[in-house]
**Q** 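Would you mind keeping the following structure in view while I ask a few things?
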Amino acid sequence: MIVSTNESNPNALKLLIAAKLEKKTINIKITVPNETVLNRLPFLELPNGSKIFSTSAGMQFLAAPSEEYEIITNKWLEWDASQLQPAITYYGTTGMYKTDSKSCLWSLLSEINNALKDKMYLIKDKNDISLADASIWVSIWSTVMVTEIGNEILKEYVYLSDWLKNIELLPIIQDSLKVFSLERGLKAINSIQAGSWFPVNSTKSCKSTTNELNLNKEKDEKDEVVSQEELDKAATNWNSCNCPNVKEPSYPVLPKKGERNILITSALPYVNNVPHLGNIVGCVLSADIFARYCRQRNYNTLYISGTDEYGTATEAKALEEKTTPQEICDKFFSIHNDVYRWFGIGFDYFGRTTTAEQTEIVQSFFLKIKSQGYVLMDTVDQLLCESCDRFLADRFVEGICPRCKYEDARGDQCDGCGHLVNATELINPRCKICSNRPIIKKSRQFFLDLPKLEERLKVWSAKVEKGWSAVARVVTKPWLRDGLKPRCITRDLKWGIPVPAEGFENKVFYVWFDAPFGYISITKRYTKEYEQWWKPNGTDISLYQFMAKDNVPFHTIMFPASLLATNEDYTLLKHLMAIEYLNYEDTKFSKSRGIGVFGTDARETGIPADVWRFYLAYIRPESQDSNFNWADLATKNNNELLNNLGNFINRALVFTEKFFESKVPPMEPQEDDLTLLALAQRELTSYIIALEQAKLRDGIKYVLAISKHGNQYMQSQQPWAKVKGTDDDKKKAGTVIGICCNLTCLLSALLAPYMPSTSREIRGQLGLDKTRYGYIPDTIMNMLPSGHKIGKASPLFTKIEDQLIEELRKKYSGKQESNGTQSKMNNGTEQLVKEVICNNDKNVQQPNVDVPVKMQNKQADLKQDTDTANNKKVKPLHTPEQNGDTSTDINSLEAAIAKQGTLVRELKAKEEKSVWQPQVDILLKLKNQLASLTGTKIPDKKSKKKK
C-alpha cells in the first residue's frame, strides 16, 4: 500500500503510525503539486487501485479498532478532523499566527486536557496508545507545540502536557518519525491546509472560525486536479441525458417482486408528552429523510409510525392531569400529529396502539408463541399498595437503592448509580401515589423464554448486524454475550391489552411486549394487505428501523425473539439506525422546567421547518451525543444555507434571467467545466454511499460541498465579465451559467430529503413541477437542456439575526431564569403549598410568583433575620388557633407534605442541590408546622449523623 502526500503533512504520519500498530507495511510517496489530487492529501492507495482520501478512514482501515472501542475511537477521530484541525489550520493559515483564533483553539485544548484527567490515554480502559491518541497527538505535537503558545500549553494543561510527552517517547512514535520526518510548526500547518478538506463544521467556542477558514481557502487554493479518466466520465455522463422521473405514488404501497422493497419504521414515541428536538431527530425525522431519499431513488418504500399509548407512563400522566389514560392518549396523539405535520414528516400512515387491530394482533401473537412452547409461567414478588389497593408498577415505587444507597431510586432504575433494580429490592420502598409502604405479594405472570431462543437470535443477528449502526451493535452485544434470561411479558395493571388466558383476567401485557407489534397493527390500519409486508412469502423486504439507543434492546432482542418464536416467516429487522442523544445547550431537555425547544415551540420561533430539519440533520448524534446550540444554528443558517447554498443558486438563476432571457443557454463544456463536474460527481457519489447507509449527517455536508464547488467555479470563471466580452467569451459565460443551472437542479433533488419545501421552491424557480421531487441520479447529467425556460428567481433563505437568537435562548433557557415563573414546582404542589403555608399563617408573606424560588427563599430568610434583629415576635408558620379545627389543618399539612416530598424526590433524582434545596426548605417548614400542631419533635438529622 502507498501513502501519497505532500511534504511535512502530519496526516501522513498518522497513517504511518496506524500501519505500524498492526505491523503493516506502507510506502510513502511525496507528491509534486499538480500531479495528483491536491486538497485531498494524503490518500491511501490500496493494492487494487482504490483510494481512501479520509485520514480517519485510512487509519481505521489499517488498524481497525475493536467493536468495544469503535464508537469512542470514531468520536475522537471526528473531533480531530472536524474541530481541532480546522482551528489549528486557521491559527497559522497565512504564514503567520492569528492570535484572534487563540480562544477557539484554547477551548479545544482545554477539552482534551479534561478528557485526560486520571488516565494515561484517551480511551480509559486501554493500556496502550489508540488510533485516537495517535491522531490527536500528531495534530497538536506537529503544529502548535512549537509555536508561541506551546510553552503556555505545557504550563496551563498538566494532563495534556504529560500525555504529549509520554506519547512522544513511545518506540512506535520514534520509529515512525524516522521513516517520515516533517518540519513542525507553520510548515506542517500549511501542509495540512494545502492537502485537506474539512467538513463544513464549526467549533463550539469560535462560531466564525469555519466561515473565515472557508473564505481563506476559497481565496488561496488552486483548482483541484482530477484524472483524465474522471474528466472522460464526466463528459460521457453529461451527454447521456437519460435521467428518469420519480415514480407516481400509489395507494396502497405494496411490495413488488423484482424491485427493492423498503419498509421503514421509526420508534413509536410515547404519547404522554410533547416531543422535543431530540425525540424528533431520534426517530421520525431521521426515518423521514431516509424514506424521502428512497422514494427519490424509485425504491418501493413504505414508511409507517405511530404513538405508543399503553404503559405506566400514560397512566401516571393521567393521574397527574386527573383524567383518564384514553383522554391523555387522544390529547397527545393530536399534538404529536400536528407537530410532525408541521415538520414535514411524510408518513405513509401515522397510527396509534390503542386500536382493535393492536389488541387482536398482540393477543394472537401471544397465543402463537405460547403454543410453540416459548412462554412459561412463574410467580414473582410484586409490591402491593394496600392503601391504593393496587399492584405497583415499577414507576410507581421509590425507595433506597440497594447498591449505592441513593434515597430516591425508582422501581426500575437508580438515578444515583445508573443500575437497573427490581422494585422488590428497594430498601424502605414507598408508593409514589400515597407514600405508604407497600407489601410484597406473589403474583403469577407469563414470561418469554428468551434462553430457549438465544441461539436462534445469535444466528440471525450475526447475519444482519453489519447493517446496523455502531451504536446499535454496541448496545446489543452485551445482551447476547452475557446470556439472556426469561423476561416477564404481563403486568398487574388496568391500562393495557388484556391477557387472553384463564386466571389472567385482571392483567395486561407489559408495554415492551405490546408496543413493537404496533408496527404490524399500524400497517394493518393502512392496508388490509399488510401481511404482504410482514409475511412476504418469498418477496425480499428490507426492514429499516430508526430510534435512539435506549430503544435498541427491544428491537434487536425482544421483538425479533417474539417473531422467531412463532416459527413462521415474518419480516425481521435488517437495518437498525440507532443514534446517541441530542442535548440542549449542554444540558437536558425538560418540559417541566421550560428548558429546550419542543415540537410546539419550534413553530413559534418563526424559523422555517426546513431550517430546523436541516440543522437537526447536520448535528444528528450518529456516533456520540451532540448538542443543540442557538449560536451554531444561526451560524449554519447564515453561512451554509444563506451564503453558500442560497447564494450559489440565486446567482445562477438571476444571471440566467438577466442575461439569457430566463432560458438555459447553450453549453459546450471544456476541461475546466468538466473538472467542476468531476469534483461534484465525487460529492454525489459520496452522498449516495452515505444515504444508502442512512448516514444522514454526512449526506447533508456533501450537498453543501457541491454548492461550494459551484461558488468557487463561478467566482473563478467570472461570467459577469465574460458576458460583456467577445463572442467566445459570451459562449463561455453561457456554458458556465448553464452548468450552474444544472447543478441547481441536481441540488434541488439532493436537498429534498432534508428540506422538502425548499426543494419544491427551487424547482419552481427552475421552471419545473413543484408538486414533485427530482430523481436522485448516480451520475451528473444535463437535466436542464439549452432553451429550458426557468421561473422567477428569489432568495431562498433569510439571515437569522443575533438579537433573535438571544431572545430565543433566554425564552427556552428555563423557568428559573424567567420573571413571572416558579422554576421547579408543578402546579398541583405549588397551589397546595401556597394554601397551607400562606393561608394558614397571615404573618408569612405569600410566595411571589413573579420572583424565582431561590430569590423567594433569600427574601424570606432576610425578613426573618430583620424581624429578629428588631426584637419583633416572629409567629410560627402555623398556629392552631387560626381556624379552631386542628384536624382539618393536620390533614391539609399531611397532604401538602406528601406532595412536597414527592416533588423533592423527583428533583433530587434529576437536579443539582442548588435546585432542590429550596424545595427541601419548604418541606421542612411544613413538617415543623405539623410538629407544632401535634406536639411532636422533628428529629435532628445532623445530630444523628454526629453520633
**Q** Does atom CG of Asp482 have more than 12 heavy-atom neighbours from other groups under 6.0 Å away?
**A**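 Yes, enclosed.
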**Q** Is the closest side-chain donor-acceptor distance between Asn583 and Asn627 under 3.5 Å?
**A**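 Asn583 vs Asn627: no donor-acceptor pair found between side chains.
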**Q** Does any N or O in the side chain of Asn279 come within less than 3.5 Å of the main-chain N or O of His276, such that one atom is a donor and the other an acceptor?
**A**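 Indeed, once roles are kept as given, a pair shorter than 3.5 Å links the two residues.
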**Q** Regarding Arg390 and the six-membered ring of Phe396, is the cationic atom NZ or CZ under 6.0 Å from the ring centre and inside 45° of its axis?
**A**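 Because its charged atom sits under 6.0 Å from the ring centre and within 45° of the axis, Arg390 does stack over Phe396.
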**Q** So that I can tick it off, tell me whether Arg430 and Asp408 are bridged by a salt bridge, with the cut-off set at under 4.0 angstrom between side-chain N and carboxylate O.
**A**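 Judged by the 4.0 Å cut-off on N to carboxylate O distance, Asp408 and Arg430 do form a salt bridge.
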**Q** Is Glu360 reaching over with its side chain to a backbone N or O of Gln358, donor-acceptor style, under 3.5 angstrom?
**A**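 Not a single qualifying donor-acceptor pair exists.
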**Q** Does some side-chain heavy atom of Lys507 sit less than 4.5 Å from a side-chain heavy atom of Phe446?
**A**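 Counting from C-beta outward, Phe446 and Lys507 never come under 4.5 Å.
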**Q** Are Lys524 and Glu357 ion-paired here, with the side-chain N under 4.0 Å from a carboxylate O?
**A**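 Salt bridge between Lys524 and Glu357, a charged N being under 4.0 Å from a carboxylate O: no.
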**Q** Under the ring pair (Phe, Tyr, Trp, His ring centres under 6.0 Å) rule, collect the residues that match up with Phe554, sequence neighbours excluded.
**A**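 Testing Phe554 for ring pair (Phe, Tyr, Trp, His ring centres under 6.0 Å), a comparison that skips the adjacent residues, returns none.
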**Q** Do other residues, nucleotides or ligands put more than 12 heavy atoms under 6.0 Å from the NZ atom of Lys588?
**A**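 Not buried by this count: 12 neighbours or fewer within 6.0 Å.
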**Q** Do Lys549 and Tyr581 meet the cation-pi criteria used here (NZ or CZ under 6.0 Å from the six-membered ring centre, within 45° of the axis)?
**A**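 Because its charged atom sits under 6.0 Å from the ring centre and within 45° of the axis, Lys549 does stack over Tyr581.
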**Q** Can Tyr293 and Glu692 be counted as having a side-chain donor-acceptor contact under 3.5 angstrom?
**A**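 Looking only at side-chain atoms, Glu692 and Tyr293 do form a donor-acceptor pair, the distance falling under 3.5 Å.
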**Q** Under a 3.5 Å threshold, yes or no: a donor from one side chain and an acceptor from the other, between Trp534 and Thr523?
**A**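 Per modelled atom types, Trp534 and Thr523 side chains form a pair under 3.5 Å.
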**Q** Passes salt bridge (charged side-chain N to carboxylate O under 4.0 Å, His left out), Glu622 versus Lys695? Steps please.
**A** CA-CA 8 Å; Glu622 294 182 0; Lys695 293 184 177 180; over 6 Å; no
**Q** Assess the residue pair Leu285 and Tyr340 against the criterion (side chain to side chain contact (heavy atoms under 4.5 Å, CB included)); give the C-alpha distance rounded to whole Å, side-chain angles, the decisive distance to 0.1 Å, and a yes or no.
**A** CA-CA 8 Å; Leu285 176 57; Tyr340 302 145; over 6 Å; no
**Q** Please find out if less than 6.0 Å separates the ring center of Phe333 from that of Phe350.
**A**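 Yes, the ring centres sit under 6.0 Å apart.
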**Q** Restricting to non-hydrogen atoms, name the atom on Leu77 and the atom on Ser135 that form the minimum distance, rounded to 0.1 Å.
**A**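 For Leu77 versus Ser135, the nearest heavy atoms are CD2-CB, 3.6 Å.
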**Q** For atom NZ of Lys494, decide whether the heavy atoms of other residues, nucleotides or ligands shown that lie under 6.0 angstrom number more than 12.
**A**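 Open.
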**Q** Is any side-chain heavy atom of Tyr349 closer than 4.5 Å to a side-chain heavy atom of Ile522?
**A**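 The answer is yes; the side chains approach within 4.5 Å.
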**Q** Do other residues, nucleotides or ligands put more than 12 heavy atoms under 6.0 Å from the NZ atom of Lys370?
**A**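 Open.
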**Q** Applying side chain to side chain contact (heavy atoms under 4.5 Å, CB included) to Met558 and Arg487, what does each step give before you reach the verdict?
**A** CA-CA 9 Å; Met558 272 70 91; Arg487 192 169 179 91; 3.8 Å; yes
**Q** Begin with the C-alpha distance, continue with both residues' side-chain angles, and end with the deciding distance and a verdict on ring pair (Phe, Tyr, Trp, His ring centres under 6.0 Å) for His555 and Tyr519.
**A** CA-CA 11 Å; His555 293 78; Tyr519 302 125; 5.7 Å; yes
**Q** If we ignore angles and hydrogens, is there a donor and acceptor under 3.5 Å between the side chains of Gln60 and Asn74?
**A**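 Asn74 and Gln60 do have a side-chain donor-acceptor pair below 3.5 Å.
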**Q** Using a strict threshold of under 4.0 Å (side-chain N to carboxylate O), is an ion pair present between Arg260 and Asp540?
**A**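 Not counted as a salt bridge, because no side-chain N and carboxylate O are separated by less than 4.0 Å.
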**Q** Show, in sequence, the C-alpha distance, side-chain angles and deciding distance for Tyr570 and Phe365, and conclude whether the ring pair (Phe, Tyr, Trp, His ring centres under 6.0 Å) test is met.
**A** CA-CA 12 Å; Tyr570 281 95; Phe365 266 96; 5.0 Å; yes
